[in-house]
Structures are given as C-alpha cells and as structure tokens.
2 protein chains.
Amino acid sequence: METKIFRNFLGEKGLKPTKERIAVLSEVFSFHGHFDPEYLYLRIKDAGSKASRASVYRTLSLLVECGLVKKVTRTEKGNIYEHTYGHSHHDHMICDACGEIIEFYSEKLENLQDEICAENSFAGSTHTLEIRGHCKKCRTKQS
Amino acid sequence: METKIFRNFLGEKGLKPTKERIAVLSEVFSFHGHFDPEYLYLRIKDAGSKASRASVYRTLSLLVECGLVKKVTRTEKGNIYEHTYGHSHHDHMICDACGEIIEFYSEKLENLQDEICAENSFAGSTHTLEIRGHCKKCRTKQS
DNA sequence: AGTTAAATTGCAATTCAATCTCAGTTTCAG
DNA sequence: CTGAAACTGAGATTGAATTGCAATTTAACT
C-alpha cells in the first residue's frame, strides 16, 4: 500500500521508482519507531539492499514530501523521522528522568489549534507538541 | 536585572563575568525578537563591542543554562533563540515559506494541556508547541 | 601594586550532518 | 531497441557548531 502511494507520487512528478528508492521505502516501513538517516542507511545495508547515503537522504525528502514520512524533530545529532502511513497523528510527552515517550492524542487539542491558526490567519499544516516533565513512575520515585 | 542574574549564575559556577560575556548578554537584551548566533555576532560588532563567534556560541549556551535565553527552534540554517527574562510563556507558528515567526498564547490551550497531563498521570513542567504552515502573506501570494 | 593560578579568549582547525557535483548507469517511452 | 531524461554513488563541499591551544585576562592573595 505504501508502495502504491509512493509509486503514484513518483509517477506524477515524472520520477522513477528505482530499486534504491524502493529499498529505502520498504526499510522505512519494515519497523516501528523513530530513526535518523544514518540508522536507516545502516539498516538498508544490513537488509542486503543497497542505497548510498546520498540516496537515503534524497529519498527521505521525497517520502516526507508525499506524506508517508514525517520529520519528528531536529536534535543536535541530526533529524529524526518516523513513518506516518497507517499511524494517526499524535503528540508526545517525554519523561526527563527515564526518557519514556508517551504518545497521546486529543481531538479538543487539535480543534483548539485550528481555532488559534484561524485567529492568526495562519494556514497550519503540521504541528509538533512536546510536553516534558516526569512520568507516573518517576514522579513517585522522586518523593 | 538580567545582568545581576547572570553574574550570580557565573559566580556560583566559578566563572568570570568577562567583557565578552557581558557584551553578549547586553546585546541579547538590547532588542526584542528572535535571533540566530550569527546575527547576534554581527550586532555585537556593530555595537562596537567585541566577542568572537566562539565566545558568542559559548556565552549563548551559558545564557540558556541559566534560563535567561531559550532555544526556540532548529531550522535548516541553525538554531534560533530568544531572550525569555521578562517575557511570559508563549508558543510559535513558523511560516515554511518566509520563515516568519508568530508568537501566540492561549489560556485554553494551557489548561487543556494540564488536563491531558493529568489524564496520563504525567507531571508536565514545560512544553514546546510549534505550528508550521503558511502565514497570511505567503498564503495569498501562493494563489 | 605585584604575583600567580585558574579561567577565558580568539583563531584556526575540526567535526559532522546534509547537500551538491558530475561522470557513468539505469529507466522507460516510443 | 534506442536515446533522452532521470538516477546513482563517491567524493567534494558547505556551513553551523565545537574544540585545541597559545596568548591574554581576571581576581584572589600577598
């Protein structure tokens, strides 16, 4: 399914579904969780496919452009991505103590953000909300 | 006031309030708005003070560490900062076309986030919300 | 004021993610 | 099949950020 979407996207842009691009695509969807370009590059090699770092970067941009992948955040070590197809939108809470990442979703929150965008004549397309603090476990451990 | 806070912070860490550090500090608080390290470096030069790029970067880290300055976001062109002392909490909308940064604050949004934290037994301390899209100007320009 | 150890600076070198260049390769429409 | 256009990989390049280091500055203590 992802493949179909990607091939469609490429077709519409006059781009070609090369082995390298498909290798990147399949690897991105072969696991769950966050990743950075280098990690992905190594996984692709490991999987026996081949695609240079340059191709990984180039393909990643395409995947983001067609909405199959999202750039989650930028760290001091580079960009972090996650695949989004088949996963609904969510935001993150990150525990400063143990690093646990809790995903959450709130319809109300989404609507409120739309309202705020409208108030500012801003056409919002994506957002990132990251709440930092302490998770239940670490809260009690503290006291 | 900022100066007092910063001097205190330096004192506690056994660091020295050098001309360069103070020059960076004053320049940061001499204007309102967002900035990147290079822009700050040029402003300092312009103001007749002197501090190398290295010192600007090093001092900026200290200012973030002591809470007077906040790293707002990371763009493809580098980090963006803002001074926080004397400014209340707000979130950002960033235009993908022209890079404009719009600040906003919503009481409702804050409350809603508190609710969501409570639902997840999470003790939230800070958050970052960044909405990306197109600002009014770039919206109309597009069509 | 003078001395000295520790902190600091600036420059240049370095790092590292990301992008670009370009010659050789692959794709696919006709 | 064939050729034009699209792609690729390797290495060069970019640019923000960091670091090493010799020279300089700071400030605590005489």
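First the proteins, then the strands, lettered A, B, ... as listed; each starts at 1.
- Mapping Glu76(A) and Arg53(B) onto DNA chain C by nearest heavy atom places Arg53(B) at the nucleotide closer to the 5' end.
- Side-chain N or O atoms of Arg139(A) include one that pairs as donor or acceptor with a backbone N or O of Ser121(B) at under 3.5 Å.
- With hydrogens and angles ignored, the 3.5 Å screen pairs a side-chain donor or acceptor of Thr84(B) with a backbone N or O of Gly67(B).
- Between Gly14(A) and Glu38(B), the residue whose closest nucleotide on DNA chain D is further toward the 5' end is Gly14(A).
- In this structure, OH of Tyr41(A) is placed 17 Å from P of dC16(C), rounded to the nearest angstrom.
- From the 5' end on, the contacts that DNA chain D makes with chain A at under 4.0 Å to a non-hydrogen atom open and close at dA5(D) to dG9(D).
- Residue Asp36(A) is out of contact with every strand shown, counting any heavy-atom pair closer than 4.0 Å.
- Going from atom CD1 of Ile44(B) over to atom CG of Leu25(B) covers 10.0 Å, rounded to the nearest 0.5 Å.
- In this structure, CG on Asn8(A) lies 10.0 Å from SG on Cys66(A), to the nearest 0.5 angstrom.
- In this structure, the CZ atom of Arg21(B) is 11 Å from the P atom of dA7(C), given to the nearest Å.
- Side-chain polar atoms of Glu130(B) and Thr73(B) form a donor-acceptor pair below 3.5 angstrom.
- Salt-bridge check for Lys108(A) with Glu115(B): passed, with a basic side-chain N closer than 4.0 Å to an acidic carboxylate O.
- Of the residues His92(B), His87(B), Lys71(B), the one that meets the side-chain contact (heavy atoms from CB on, under 4.5 Å) test with Glu82(B) is His92(B).
- Each of Thr128(A), Ile131(A), Leu109(A) was evaluated against Asp91(A); a single residue qualifies, Leu109(A), per the side-chain contact (heavy atoms from CB on, under 4.5 Å) test.
- Rounding to whole angstrom units, CZ of residue Arg74(A) and C1' of dA18(C) are separated by 10 Å.
- When heavy atoms are screened at a 4.0 angstrom cut-off, Arg58(A) is found touching base atoms of the nucleic acid.
- Every ring pair (Phe, Tyr, Trp, His ring centres under 6.0 Å) that Tyr39(A) has, sequence neighbours left out, goes to Phe31(A).
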Show me the protein contacts with nucleotides 27-30 of chain C, counting only N or O atoms at under 3.5 Å.
| from | atom 1 | to | atom 2 | distance (Å) |
| --- | --- | --- | --- | --- |
| dT27(C) | OP1 | Lys19(A) | NZ | 2.7 |
| dT27(C) | O2 | Lys16(A) | NZ | 3.1 |

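- Between the CD atom of Glu20(B) and the P atom of dT8(C) there is a distance of 11 Å, rounded to whole Å.
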